[in-house]
Chemist: 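Pasting a structure below so you can have a look.
All ligand and atom numbering here is 1-based and tracks the order in the structure.
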Amino acid sequence: MLRPATPDDRPALIALGLAEDAAWSGAAPVSAEEAAEYLDGCEPGVIFEEAGRIAGYAATGDGGRTILLVDPADDPGPALEALVSWLAGRGHHEVDGYGRDARRIAWFEANGFTHVRSFFDLRRDISPAPAPAAFPDGVELARFHPGQDDEAAHALIYVDAAWTEVPGHSARSLEAWRSALSPEDRGWIARRGRRPVGWVCGRAFEDGRGWIAQLAVARSARGQGLGRALLLHAMADLRERGATSLALGVQGANESAVSLYRDVGFEVEREWRSYARPAPGSPGSGDAAGTAGR
Ligand SMILES: CC(C)(COP(=O)(O)OP(=O)(O)OC[C@H]1O[C@@H](n2cnc3c(N)ncnc32)[C@H](O)[C@@H]1OP(=O)(O)O)[C@@H](O)C(=O)NCCC(=O)NCCS
């Protein structure tokens, strides 16, 4: 029932991702380009086949990331049983689902998982135009040059801005972060003197959805309006590049970011929920010997 995915499966997997989004997101559909990028962010995974048809898919990526897709037309139980076990066998005990996918959530809860956090796509119309970006005194903004600025931007995001302190954010090595940047992404680095203090990057998909991929401000430079200025700058830049709407992702517990985004007009478009259950053999797993399979 499980088999490794091959490059030939990619169109069917994109279609599966789009079918899930149409069924559960409650939002306008994302483009095939965006769905493909989501899939390509993980290593090729495994397909759950039923009667010769792709009925589910799971994959893993860096920083503990997982993908879990199930055909919305099916009873999700059999696919979840197989795919969640496959993920657990690779050390992944946290899985996601759309907040509206009540059957998947019921399956998680019936199988020992508990809700650990929610994360959201936020969306804003392209109009009204964003307010002009006002950078704090002494801060200069420059275009990010891939290759030349990689190490500085990566250290700023993951060390100075403590990216992983936000629950749900994962660590990325320099190499993994670099390869997650699409050639379409345009990044900006804010510096005070020679020191990087802020970062934002974004890109416009072909369907016009402007996506702000990452925003970070060094802890030492927070609370001075730099995050807001970087965000407004990226929004204006995407607008100039032809974006017809704006969107970004945020962890629900990231209160400072959520209030900033709401303040410039973003509203919730989709909710995902992460569920976790203890690894077999860990405290709370009910498996004292640590050898029981699932
Ligand atoms: C989110 C982040 C970019 C904000 O940067 P910042 O430079 O401190 O933000 P600003 O000074 O421009 O503040 C903008 C708004 O954010 C909100 N905000 C900032 N700090 C806050 C805090 N500690 N608590 C609550 N709200 C806060 C406020 O709405 C503030 O509005 P105000 O200017 O009217 O007070 C920064 O905290 C950060 O890099 N965090 C870690 C990485 C991260 O979470 N990035 C976003 C991922 S989606």
Side-chain angles (χ1 to χ4, degrees), residues 34 37-38 41 62-65 96 99 116-124 130-142 144 149 152-174 176-177 180-182 185-193 195-203 209-238 245-274:
E34 194 171 337
E37 219 158 273
Y38 173 73
D62 63 272
R65 194 171 162 224
D96 303 329
V116 286
R117 73 184 75 85
S118 289
F119 53 104
F120 299 90
D121 273 6
L122 307 185
R123 184 194 176 281
R124 180 196 190 272
F135 284 87
D137 287 347
V139 172
E140 302 284 340
L141 190 69
F144 165 72
D149 296 329
H154 181 266
L156 164 69
I157 297 161
Y158 294 96
V159 181
D160 297 343
W163 182 259
T164 56
E165 273 182 9
V166 175
H169 280 187
S170 32
R172 274 196 160 139
S173 65
L174 174 61
W177 174 80
L181 280 181
S182 134
D185 274 308
R186 188 185 280 184
W188 303 87
I189 301 186
R191 289 188 174 83
R192 184 167 265 139
R195 198 169 152 245
V197 287
W199 159 257
V200 69
C201 78
R203 50 93 55 92
R209 186 167 154 97
W211 180 256
I212 295 166
Q214 207 174 25
L215 170 69
V217 170
R219 277 174 298 188
S220 61
R222 288 196 191 154
Q224 302 164 21
L226 178 53
R228 179 183 296 266
L230 285 163
L231 175 65
L232 292 171
H233 176 81
M235 291 164 66
D237 182 54
L238 286 167
S245 67
L246 297 168
L248 47 81
V250 67
Q251 295 289 333
N254 195 353
E255 287 173 22
S256 53
V258 170
S259 55
L260 168 60
Y261 298 149
R262 283 194 183 280
D263 202 51
V264 300
F266 283 92
E267 289 174 2
V268 171
E269 182 183 50
R270 288 176 179 71
E271 177 194 2
W272 282 277
R273 294 189 193 180
S274 291

Chemist: Return yes when H169 approaches ligand 1 closer than 4.0 angstrom through a heavy atom, no otherwise.
Modeler: yes
Chemist: Indicate whether atom 2 (C) of ligand 1 is within a distance of less than 4.0 angstrom of some protein heavy atom.
Modeler: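 Answer no: nothing from the protein, no heavy atom, is under 4.0 Å.
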Chemist: Do protein heavy atoms approach atom 13 (O) of ligand 1 to less than 4.0 Å?
Modeler: no
Chemist: Run the numbers for me: atoms of ligand 1, each under 4.0 Å from some heavy atom of N254, listed by number.
Modeler: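 So the atoms of ligand 1 that pass are 43 (C), 44 (O), 46 (C), 47 (C).
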Chemist: Counting each atom of ligand 1 from 1 as listed, which ones have a heavy atom of Q224 under 4.0 Å away?
Modeler: 11 (O)
Chemist: In ligand 1, which numbered atoms sit nearer than 4.0 Å to a non-hydrogen atom of W163?
Modeler: 42 (C), 43 (C), 45 (N), 47 (C)
Chemist: Suppose we measure from atom 30 (C) of ligand 1 to each protein heavy atom; which comes out shortest, and what is that distance?
Modeler: R228 NH2, 4.0 Å
Chemist: Answer yes or no for R65 and Y38: cation-pi contact, defined as NZ/CZ to six-membered ring centre under 6.0 Å and angle to ring axis within 45°.
Modeler: yes
Chemist: Mind checking whether F119 and W272 have parallel, tilted or perpendicular rings, split at 30° and 60°?
Modeler: parallel
Chemist: For a side-chain contact (heavy atoms from CB on, under 4.5 Å) check, start with the C-alpha distance between W199 and Q214, then their side-chain angles and the critical distance, and finish with the verdict.
Modeler: CA-CA 7 Å; W199 159 257; Q214 207 174 25; 3.2 Å; yes
Chemist: Among protein heavy atoms, which lies nearest atom 11 (O) of ligand 1, and at what distance?
Modeler: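 Looking only at protein heavy atoms, the one closest to atom 11 (O) of ligand 1 is G225 N, 2.8 Å.
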Chemist: Identify, by atom number and element, the atoms of ligand 1 in contact range of Y261, meaning under 4.0 Å from any of its heavy atoms.
Modeler: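 The list of qualifying atoms is 46 (C), 47 (C), 48 (S).
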Chemist: Please could you name the atoms of ligand 1 that G249 approaches to less than 4.0 Å, counting only its heavy atoms?
Modeler: 48 (S)
Chemist: If only atom types and distance count, is the side chain of D185 paired as donor or acceptor with the main-chain N or O of S182 below 3.5 Å?
Modeler: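 Side chain of D185 to backbone of S182: a pair is present.
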Chemist: Answer yes or no: is there an ion pair linking E140 with R192, defined by an N-O contact shorter than 4.0 Å?
Modeler: no
Chemist: For H233 and W188, take the angle between the two ring planes, folded into 0 to 90°, and tell me which bin it lands in: parallel under 30, tilted 30 to 60, perpendicular over 60.
Modeler: perpendicular
Chemist: List the closest protein heavy-atom neighbour of atom 36 (C) of ligand 1: residue, atom name, distance to the nearest 0.1 Å.
Modeler: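 The closest heavy atom on the protein side is R222 NE, 3.5 Å.
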Chemist: Could you state the interatomic distance from CD (E267) to CZ (F120), rounded to the nearest 0.5 Å?
Modeler: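 Going from CD on E267 over to CZ on F120, the span is 13.5 Å.
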Chemist: Any protein heavy atom under 4.0 Å from atom 39 (O) of ligand 1?
Modeler: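 Yes, there is a protein heavy atom closer to it than 4.0 Å.
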Chemist: How far is atom 29 (O) of ligand 1 from its nearest protein heavy atom, and which residue and atom name does that atom have?
Modeler: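 Sorting protein heavy atoms by distance from atom 29 (O) of ligand 1 puts S259 OG, 3.4 Å first.
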Chemist: Report, in ascending order of atom number, the atoms of ligand 1 lying under 4.0 Å from any heavy atom of V166.
Modeler: 44 (O)
Chemist: Using side chain to side chain contact (heavy atoms under 4.5 Å, CB included) as the criterion, point out the one residue from L230, L226, V200 that pairs with L141.
Modeler: L230
Chemist: For ligand 1 and A161, I'd like to know whether there is a polar contact (N/O to N/O, distance under 3.5 Å).
Modeler: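 N/O-N/O distance under 3.5 Å: no.
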Chemist: Pull out every atom of ligand 1 sitting under 4.0 Å from any heavy atom of A216, numbered as shown with elements.
Modeler: 39 (O)
Chemist: Starting from atom 4 (C) of ligand 1, locate the nearest protein heavy atom and write down its residue, its atom name and how far away it is, to 0.1 Å.
Modeler: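 Minimum-distance protein heavy atom for atom 4 (C) of ligand 1 reads G227 CA, 4.4 Å.
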Chemist: Please determine if D149 and R191 form a salt bridge, counting it only when a charged side-chain N lies under 4.0 Å from a carboxylate O.
Modeler: yes
Chemist: Between E269 and R124, is the closest basic N to carboxylate O distance under 4.0 Å?
Modeler: no
Chemist: How about R262: does its CZ atom have over 12 heavy atoms from other parts shown lying under 6.0 Å from it?
Modeler: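 At most 12 heavy atoms, drawn from other residues, nucleotides or ligands, come within 6.0 Å of this atom.
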Chemist: Regarding D237 and R203, does a basic nitrogen lie under 4.0 Å from an acidic carboxylate oxygen?
Modeler: no
Chemist: Are side-chain N/O atoms of E37 and W211 paired as donor and acceptor at under 3.5 Å?
Modeler: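 Judged by distance alone, the side chains do not pair up.
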Chemist: Report, in ascending order of atom number, the atoms of ligand 1 lying under 4.0 Å from any heavy atom of G223.
Modeler: 6 (P), 7 (O), 8 (O), 11 (O)
Chemist: Provide, to 0.1 Å, the distance between atom 45 (N) of ligand 1 and the closest protein heavy atom, together with that atom's residue and name.
Modeler: L215 O, 2.7 Å
Chemist: Pairs of nitrogen or oxygen atoms closer than 3.5 Å, one from V250 and one from ligand 1: do any exist?
Modeler: no
Chemist: Considering only non-hydrogen protein atoms, determine which one is nearest to atom 24 (N) of ligand 1 and report residue, atom name and distance to 0.1 Å.
Modeler: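 Minimum-distance protein heavy atom for atom 24 (N) of ligand 1 reads S256 CB, 3.9 Å.
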